[in-house]
There are 2 protein chains.
Amino acid sequence: MSEEPPRRRTIRDVAKAAGVSISTASNALNGIGRTNPETREKVRRIAEQIGFRPNALARSLLTKRSHSIGIITNDTYGRLTLPMTAGVSEALVDHGVSAFLCATNNDPRLAQLHLEALLDKQVDGIIFTATRADLTPPIDLTRLAIPVVYAFAIGPPTAPTFIPDDAQGARLAVQHLLDRGYRRILHITGLEDYLAAQLRAETYRDLAGAELDVLFGEWTEEWGHEAVRLVMERGGDLPEAIFCGSDEIARGVIDALRDRGLKVPEDVAVVGFDNWRVIATQTRPPLTTIDMELKELGRRAGLAMLDLTRGLPVEPGITRLPCSLVVRRSCGA
Amino acid sequence: MSEEPPRRRTIRDVAKAAGVSISTASNALNGIGRTNPETREKVRRIAEQIGFRPNALARSLLTKRSHSIGIITNDTYGRLTLPMTAGVSEALVDHGVSAFLCATNNDPRLAQLHLEALLDKQVDGIIFTATRADLTPPIDLTRLAIPVVYAFAIGPPTAPTFIPDDAQGARLAVQHLLDRGYRRILHITGLEDYLAAQLRAETYRDLAGAELDVLFGEWTEEWGHEAVRLVMERGGDLPEAIFCGSDEIARGVIDALRDRGLKVPEDVAVVGFDNWRVIATQTRPPLTTIDMELKELGRRAGLAMLDLTRGLPVEPGITRLPCSLVVRRSCGA
DNA sequence: TTGAAAGCGCTAACAT
DNA sequence: ATGTTAGCGCTTTCAA
């Protein structure tokens, strides 16, 4: 019983079967140079028949383009990274480009290891992605010979960077509330040192009235509960609506309101931020919220990468991509 | 201003700088064959100095090993895939192996496209991953010339397959309840046609008593609410504890119990399944639950892949990996 | 229009 | 112990 290794077909096999030279076969297959239409068809037909698929490694060695890129992420959870990665792939797969995914767990050693593996494999570029936009990468990506694109992470001014438009997202939320006649709007959000929290809060103040409260806290349900408690305790008029900095906070807020016998949206309307399905669809009532369109963000980053690897010009600097409003029952449905 | 392309150093550069032949340089660098310790050190030092990194593509072309694998997933959400992928990478990165991540969105066309790109790039193997163990891949992976490993998905009997041990996980949960003296235990779970639901339910019946109820429904919070309503309506003794088939269901159950003035765990203890952080840590009280150890599962799949690509024997068939119990306040903390 | 030949960067016989 | 040589599978001059 000898194991017969099912050797892959090479261009040599095609050439021989077609009775032409290797270079002619190559020309025919790639539609490059002058080739007799008949031989071209013949070569292609035979290639198809014997199931020839070019060895991308060999090709890359010569063309200096590996048709692969690396995605480096510090997200261990997946909620942000996977939709984005799916978007990146979506943009690339039709061009035969594949993406290595490297989870660094924010460990510099691991990140370095991954980076080296990527560079050795001659990736055409790297997309860096984080769970928080204003966070420094665990490794220095600024001196690479290949293009680097940042997605949901802020890079150097020279690098194309794609981030959700937090201000526009907040505007969408607040405007939605205003449009429905809500006036006394409260903003309960996460940690003040998050750039995203600041941007959303600023927009909120601009739109809803500068004198209004912003309650900074944690990005948790618990903080949502706590914040409602604080508001109730200090007395005075209840807010008509609450714009929450995240769906988790919104969930806490909604639960806390219900605990106190307040109805959403009849007594207080609530809007969240993230459209994290497992939360937003399961609050009672389901949550009206802002979607950051992560997949589209990934797609845009992928397209930028594609252009860069082709030497096309790509606008450097930050591009903020629009969020969308998802209306459910907690406000306006 | 001429752009000087910063050409990467090749082994040729190293050889020249060290005054040896290319093959000696290669030997020295790879520590293969007989090499004079001195020249070896010299070559290595020089390689280090000029920042030489071998071109993995060239090497792969020769050795037929690309040191890259493909992960094909139908998960668009990331909750399962990302931890698993991180585990896979963790197992592989120290061996210089990187993983292409392909999100198929369950679209056969997309899956096929990705598969072709992977094969063209000569991946050493493929790991298939799904959001549900008993689901058929959107493409045929059984006739490939490279090894295929299934993780959180069931493959053909000939392929190594890694799945969480649902029965053991359920046993962990139920035993935890029994150990604490709870006797009338109810099982509220998801769709009956999920293999995982069946296995968990079976174990539950074996341990907690065959006459006991299993309420099959959806994998949602809503079903948790609904199930509690059903139980209350039909009257009779309340269960002392509820083992839920998922954290989402558990969350619904806990909320429904609280709505009815029942305290968890004082009146009814609750245990979930998944350890999905965003849910389990945020229920009130936080949820005692079963963790499927997805990262470890990925690591095991990665290690199996590693062995396979080295021609080492790997046990085919299903390997069920142990779950762990995470104790929080909803039971036993 | 086609083919011969060189070579991408590296490894691995084989000779020395 | 080291160097020479022959490729891996492909693209790309350059000659025919």
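Note on naming: letters A, B, ... go to the chains in the order of the sequence lines (proteins, then strands), and numbering restarts at 1 for each one. Below, all heavy atoms of this structure are taken into account, side chains as well, without hydrogens, waters or symmetry copies.
We find that CD1 of B:Ile11 is positioned 16 Å from C1' of C:dG7, with the value rounded to whole Å. If you take NZ of A:Lys121 and P of C:dC10, they are 15 Å apart, rounded to a whole angstrom. Here D:dT11 presents its P atom at 14 Å from CZ of A:Arg65, a figure rounded to the nearest Å. One can place NE2 of B:His67 at 14 Å from P of C:dC10, the figure rounded to the nearest angstrom. As rounded to whole Å, 14 Å separates atom C1' of D:dT4 from atom CZ of B:Arg12. Protein atom CZ of B:Arg40 is 15 Å distant from nucleotide atom C1' of D:dT2, rounded to whole Å. Separating the CD1 atom of B:Ile22 from the P atom of D:dA6 is a distance of 14 Å, rounded to the nearest angstrom. What separates CG of B:Leu29 from P of C:dA12 is a distance of 13 Å, to the nearest Å.
The pair B:Arg299-B:Glu296 meets the salt-bridge criterion, with a side-chain N (NZ, NE, NH1 or NH2) lying under 4.0 Å from an Asp/Glu carboxylate O.
Considering CG of B:Leu57 and OG of A:Ser68, their distance stands at 7.5 Å, rounded to 0.5 Å. The structure places CG of B:Leu29 at 7.0 Å from CZ of B:Arg44, a figure rounded to the nearest 0.5 Å. For the atom pair CD (A:Glu90) and CG (B:Asp107), the distance works out to 10.0 Å, reported to the nearest 0.5 Å.
Comparing C:dT2, D:dT11, D:dC8 by their nearest atom to the side chain of B:Leu62 picks out D:dC8. Of all nucleotides listed (C:dT2, D:dC8, C:dC8), C:dT2 comes nearest to the side chain of A:Thr39. Nearest to the side-chain atoms of B:Lys64 among the listed nucleotides D:dT11, C:dT1, D:dG9 stands D:dG9. Closest to the side chain of B:Ala58, out of C:dG9, D:dC10, C:dT2, is C:dG9.
The phosphate of C:dT11 (OP1 or OP2) has a side-chain N or O of B:Ser26 nearer than 4.0 angstrom. Between A:Thr24 and C:dG3 there is a side-chain N or O to OP1 or OP2 distance below 4.0 Å. The side chain of A:Asn27 contributes no N or O atom lying less than 4.0 Å from OP1 or OP2 of D:dT11. For the OP1/OP2 pair of D:dT11 and a distance below 4.0 Å, the side-chain nitrogens and oxygens of A:Asn30 include at least one atom meeting the criterion.
Residue B:Thr10 is classed as a sugar-phosphate contact, given heavy-atom separations below 4.0 Å to backbone atoms only. Using a 4.0 Å heavy-atom distance criterion, B:Leu57 is classed as making no nucleic acid contact.
Between the side chain of B:Ser23 and the base of C:dT11, no donor-acceptor pair of N or O atoms lies under 3.5 Å.
Looking at B:Thr104, B:Thr131, B:Thr85, B:Thr81 one by one, the single match for side chain to side chain donor-acceptor pair (under 3.5 Å) with B:Thr73 turns out to be B:Thr81.
Annotation: of the two residues near DNA chain D, B:Leu61 and B:Asn36, the 5′-most nearest-nucleotide partner is B:Asn36.
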